[in-house]
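Some notes on the structure that comes next.
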Amino acid sequence: MENKTISTQAFSDQRPGTSGLRKKVSVFQQPHYLENFVQATFDALGGVKEKQLAVGGDGRFYNREALQTIVRMAAGNGLKKLVIGRGGILSTPAASCVIRKYGLDGGFILSASHNPGGPHGDFGIKFNTANGGPAPEKITEAIYQKSLALGRYLTIENPDIDLDAQKHFMVGAMMVEIIDPVNDYADLMMELFDFPAIAKLLQEKDFAFIFDAMHAVTGPYAEEIFCRRLGAAKESLLNCAVKPDFGGGHPDPNLKHAKDLVRIMFSAKAPTLGAASDGDGDRNMILGDNFFVTPSDSVAIIAANAHLIKGYRNGLKGVARSMPTSCALDAVAKELDIECYETPTGWKFFGNLLDAGKLTICGEESFGTSSDHVREKDGLWTVLFWLNLLAVKKISVKEIVETHWQHFGRNYYTRHDYEEVESGAANKLVNSLRERFETLCGAQFGLLEITQADDFSYLDPIDNSLSEHQGIRLIFKDKSRIILRLSGTGTSGATLRLYFEKVEKNPAAMNLETQAALAELISLADELFAIKKITGRSQPTVIT
Ligand code: G1P
Ligand code: ZN
């Protein structure tokens, strides 16, 4: 078992995006590509001698190969101990749980989240720190800088290890522990939720539950938690076999991609609760009988009802949402008299607030909700929260949401994505808007008056780091908002995201169809941004 120093050439495209480094599988398969990024991470951490890390992934194509490379490199870099999820599997929230529970110094998660997998799909790697959360920008930036100057990486000569048996062994001087990827996470869920009450609900005659794992990582978690620990029928679970190409699907739990679930939940005899999760298990979609819960509403409802749930009985320290997420959560925070923080897009921005004890619940419009139990968004946690809430309230999902609206107002909300737009055109659109802030501010369009036009920047209240250019905001006198930003997770061209929000306080006007309720704002954006002219697109690729 010989230590080796391999000379390599730096790559110029390894700057981590919103959530780690994501590229086409073929990019990661280039010689030294993954190795360089892993070494840059180790170097950015000041080396890993005497450190302990976790590694696991969402089971997508190249997961196992990448993991073997990381094992050799970790040993070559003198890591003390590597904890690996059996089969190379760890969902993103489970990785966060494991890092925290065992006091590790961090870990790698191998995933491109909800992006399609397979040989022609995407692969990704992200580094989480000792708090269990995504590396903050100062670390991702240090990784990038190291990657730009990298000339060598360290590894050892060693055959592939057996990933499928739970055991301890040594690779060189490094200890390897293969753990059950599900148990620690499932145990944590049992601490937070009333499992006996949920189990009872699942047996009730007029209650039905369905969960779609979309052939992604939550399959084995769902089987353990819903079936083995809560007694749900096997038929409650859809697509639970983890497949390297996610069965050819796009593992993004939304109305467009979670097709099997949507068909069932929008049928005549729909179950009471339907839910889905994404590639790496951090996203969720919640559906009631013929009813879609927007993620922005979901996090607001979770915060408003947290006191009814075992793990949150003592109240909330504060809440947070990403800037484009609707302001439904702000209304709840106001009533609870707690702080509601507004952060840039990406879970990493919640980390400092959570660590400083300022937050209990946080969420993003992009189907992400979680609490301070881990430092990642958590799909199954959200599903369990809704199950527990239904067990307490004994009314339908739709009734829970509508009652919430009646009390707090309804924030009509939609996001329009234009995917794979030519990067030059997308940048032109954004830059031309930046130049027009002054003229836009105060401009009147019919009944709509813009009172604020700016580029969102965020000063982290804990470490005073400043993140600029985090999305363009047009805020109107009636509190409506149009937000525009470019995605930081796409792997080809640019993805333009437009977010629309309108607050309705009149109970008689709360049952409009979402796109109709937001039509005025949508057509104003068409006009102001000249999307069709600049991008050549007449329709968004995805509407959520
Ligand atoms: C997207 C979402 C963002 C989420 C991220 C990772 O990032 O918008 O909320 O945190 O995926 O799941 P984006 O592509 O917009 O940069
Ligand atoms: Zn994800």
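Computed over heavy atoms, backbone and side chain alike; hydrogens, waters and symmetry mates excluded. As the structure lists them, so they are numbered: ligands from 1, and atoms in each ligand from 1.
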D122 backbone acceptor or donor facing R60 side chain under 3.5 Å: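 Answer holds: yes.
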
Main-chain N/O of T345 paired to S322 side chain as donor or acceptor, under 3.5 Å: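 Here the side-chain-to-backbone pair does not exist.
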
F456 side chain near E342 side chain, heavy-atom distance below 4.5 Å: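 A side-chain contact exists here, since the closest heavy-atom pair is under 4.5 Å.
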
Side chains of L524 and F476 in contact at under 4.5 Å (non-hydrogen atoms):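 Contact flag for L524/F476 side chains = yes.
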
Sub-3.5 Å N/O-N/O distance, [X] and ligand 1:
X	value
G488	yes
Y499	no
S113	no
T345	no

Proximity of R415 to ligand 1 by residue part, where a heavy atom lies under 4.0 Å: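 Only the side chain of R415 comes within reach of ligand 1.
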
Part of S487 with heavy atoms under 4.0 Å of ligand 1, whether side chain, backbone, both or neither: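 Both backbone and side chain.
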
Any chance the rings of [X] and [Y] have centres within less than 6.0 Å?
X	Y	answer
Y413	F500	no
Y185	Y221	yes
F11	Y33	yes

How far is [atom] from its nearest protein heavy atom, and which residue and atom is that?
atom	answer
atom 9 (O) of ligand 1	S366 OG, 2.6 Å
atom 11 (O) of ligand 1	R283 NH2, 3.0 Å
atom 7 (O) of ligand 1	T489 CG2, 3.6 Å
atom 6 (C) of ligand 1	K377 NZ, 3.4 Å
atom 10 (O) of ligand 1	E364 OE1, 2.7 Å

D282, N/O/S atom nearest the Zn ion (ligand 2):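 The atom in question is OD1.
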
Go through ligand 1 atom by atom and flag the ones less than 4.0 Å from a non-hydrogen atom of [X].
X	result
R485	8 (O), 13 (P), 15 (O), 16 (O)
G346	10 (O)
R497	8 (O), 13 (P), 14 (O), 15 (O)

The Zn ion (ligand 2) reached by D280 (N, O or S, under 2.8 Å):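 Looking at D280, which is the residue asked about, there is an N, O or S atom under 2.8 Å from the Zn ion (ligand 2).
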
G368 to ligand 1, any heavy atom closer than 4.0 Å: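 Under 4.0 Å: no for G368.
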
Metal site angle (apex the Zn ion (ligand 2)), OD2 from D278 and OG from S113, 10 degrees: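 OD2 of D278 and OG of S113 make an angle of 90° at the Zn ion (ligand 2), to the nearest 10°.
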
Ring geometry between Y62 and F123 (parallel below 30°, tilted from 30 to 60°, perpendicular above 60°):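 Geometry flag for Y62 against F123: perpendicular rings.
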
Mutual orientation of the aromatic rings belonging to H373 and W381 [parallel < 30°, tilted 30-60°, perpendicular > 60°]: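 H373 vs W381 ring planes: parallel.
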
E501 CD to K479 NZ distance, which is reported to the nearest 0.5 Å: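 Here the rounded value is 11.0 Å.
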
Distance-only donor-acceptor check, side chains T92 and D280, under 3.5 Å: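 Yes, because at least one side-chain N or O of T92 sits under 3.5 Å from a partner of the opposite role on D280.
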
